[in-house]
> 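Pasting in a structure now, in structure tokens, and then I'll have a few things to ask.
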Amino acid sequence: MTRIDADWLTKTASQRACAVLTDAGYQAWFVGGCVRNALLGAPVSDLDLTTDARPDRVMALAKAAGVKAVPTGFDHGTVTLVIDEEPFEVTTFRRDVATDGRRATVAYAEDIAEDARRRDFTMNALYAAPDGEIADPLGGLRDLRARRVRFIEDADRRIKEDYLRILRFFRFHAWYGDDGNGIDPDGLAACAENVEGLAQLSLERITAETLKLLAAPDPAPALASFAATGGLGQILPGAVASELAPLVHLEHLHGIAPDPIRRLAALGGDPAASLRLSKTEAKHLDQVTGAMSPQETAYRFGAEAGIARLLLEHAAMGTNPTPELLCDVKDAATQTCPVTAADFMPHLSGPALGAALRKAEVRWIQSGFTLTKDDLLD
């Protein structure tokens, strides 16, 4: 018998969420990411529950227990309980009735075995009772221990239910797989066979999943496999995976935290046109892919952008920036131009004033921030 010993199991909010169901004779199982990550010793964010109680019954039980319940996905069987300001998504056991590659029509199921079969990977079909006892209806525990990301039952069928599972397959391998043993061949073959299905998905879903993949500690091997299926070219025309591994190597070498936008820039193509980035993400991408030197990038946009520009340049050349060069870029972010508009007034005004100020700033940057105020005004 396998149990998890997780702090969140003993939290009052978790116990109350389960008690809403179990006190009335219904089942309550934690499921998915919280169970998987607890078994791996990884951080846990969302706590999701599944139950044999129908959504209207969950709402009624929560009301009787004095617990706030929000019908966040009522038509699909999901109610969110809010306890001590913490959300718990409670979803009734489900089974797929029909799918179209983007969404599923579901019906309620009777037990966790049936519920498990509609999930994507065996490691996501692990359930934990309120006391931490693990239920493993499909052998996911064995795959999790082997760090093997494997589709549930027939990989081709799972993918055709939702083509986003192609991207999720590579994302999960990047985060939880064992590169030493390689990617699951059956899953890889099924992804390659169905890669054109990615065109059916919304840009928002593709973008979110791509950035999650690129945020992994080392997404390069998984991304290379994804590129080999034709998937990378499908979602990001013109992109290549070859410069990602050198970039990740430099990040690790210099202790620089992962940045999915920096890594997206290393792939090339035209991410701003092919994906649906937020305004902040698109701005960051523009900053790190511009024509400015890393030092000027840092001066204008901050040290993070300047270092990203530096790493991207060296990853493309296959070289390693020196610690001194990294320090120069960081220092550039702290510089302040020694001349201001007031230094040119009243002799200059209007467009002439702006042109003189820009010219002085360019000279100062090109000097490596060494020219003094007197130098620039001479």
> Counting only N and O atoms by type, is there a donor-acceptor contact under 3.5 Å from the side chain of Thr207 to the main-chain atoms of Arg276?
yes
> Testing the basics here: between Val67 and Val82, what is the closest heavy-atom pair and its distance to 0.1 Å?
CG1-O, 4.1 Å
> Do Asp156 and Lys160 sit within salt-bridge range, that is, some charged N less than 4.0 Å from a carboxylate O?
yes
> Roughly how far apart are Asp52 CG and Ile112 CD1, rounded to 0.5 Å?
10.5 Å
> Assess whether side-chain contact (heavy atoms from CB on, under 4.5 Å) is satisfied between Val20 and Asp23, documenting all intermediate values.
CA-CA 6 Å; Val20 166; Asp23 285 355; over 6 Å; no
> Would Leu21 and Val70 show up in the same hydrophobic cluster when neighbours are defined by side-chain heavy atoms closer than 4.5 Å?
no
> Is the shortest side-chain N to carboxylate O distance from Asp143 to Arg150 below 4.0 Å?
yes
> Linking I/L/V/M/F/W/Y whenever any side-chain heavy atoms sit under 4.5 Å apart, do Ile152 and Tyr163 land together?
no
> More than 12 foreign heavy atoms under 6.0 Å from CD of Glu196: is that the case here?
no
> Scan for ring pair (Phe, Tyr, Trp, His ring centres under 6.0 Å) pairs involving residues 281-300, sequence neighbours excluded, and state none if there are none.
Tyr299-Trp364, Tyr299-Phe369
> Hey, quick one: are Phe30 and Tyr127 part of the same hydrophobic cluster, counting side-chain heavy atoms closer than 4.5 Å, chains of contacts allowed?
no
> Search all heavy atoms of Ala69 against all heavy atoms of Ala62 and return the closest pair with its distance.
CB-CB, 3.7 Å
> Is Arg165 paired with Glu161 through a side-chain N to carboxylate O contact shorter than 4.0 Å?
yes
> Only counting residues at least two apart or in another chain, list the ones meeting side-chain hydrogen bond (donor to acceptor under 3.5 Å, both in side chains) with Thr91.
Thr78
> How many angstroms lie between atom CZ of Arg118 and atom CG of Asp162, to the nearest 0.5 angstrom?
10.0 Å
> Got a salt bridge between Arg168 and Asp120, using NZ or NE/NH1/NH2 to carboxylate O under 4.0 Å?
yes
> Mind checking whether Phe151 and Leu138 sit in one hydrophobic cluster, side chains of I, L, V, M, F, W, Y counted as touching below 4.5 Å?
no
> Indicate whether any N or O donor in one side chain lies under 3.5 Å from an N or O acceptor in the other, for Asp218 and His249.
no
> Considering only NZ, NE, NH1 and NH2 on the basic side and carboxylate oxygens on the acidic side, decide whether Asp115 and Arg95 come within less than 4.0 Å.
no
> Is it true that His254 and Asn320 share a donor-acceptor pair across their side chains at a distance under 3.5 Å?
yes
> Can you hop from Ile83 to Tyr26 via hydrophobic side chains spaced under 4.5 Å?
yes
> Is it true that Glu251 and Arg262 make a salt bridge, defined as a side-chain N closer than 4.0 Å to a carboxylate O?
yes
> Should the pair Glu296-Arg300 be classified as a salt bridge under the 4.0 Å nitrogen-to-oxygen rule?
yes
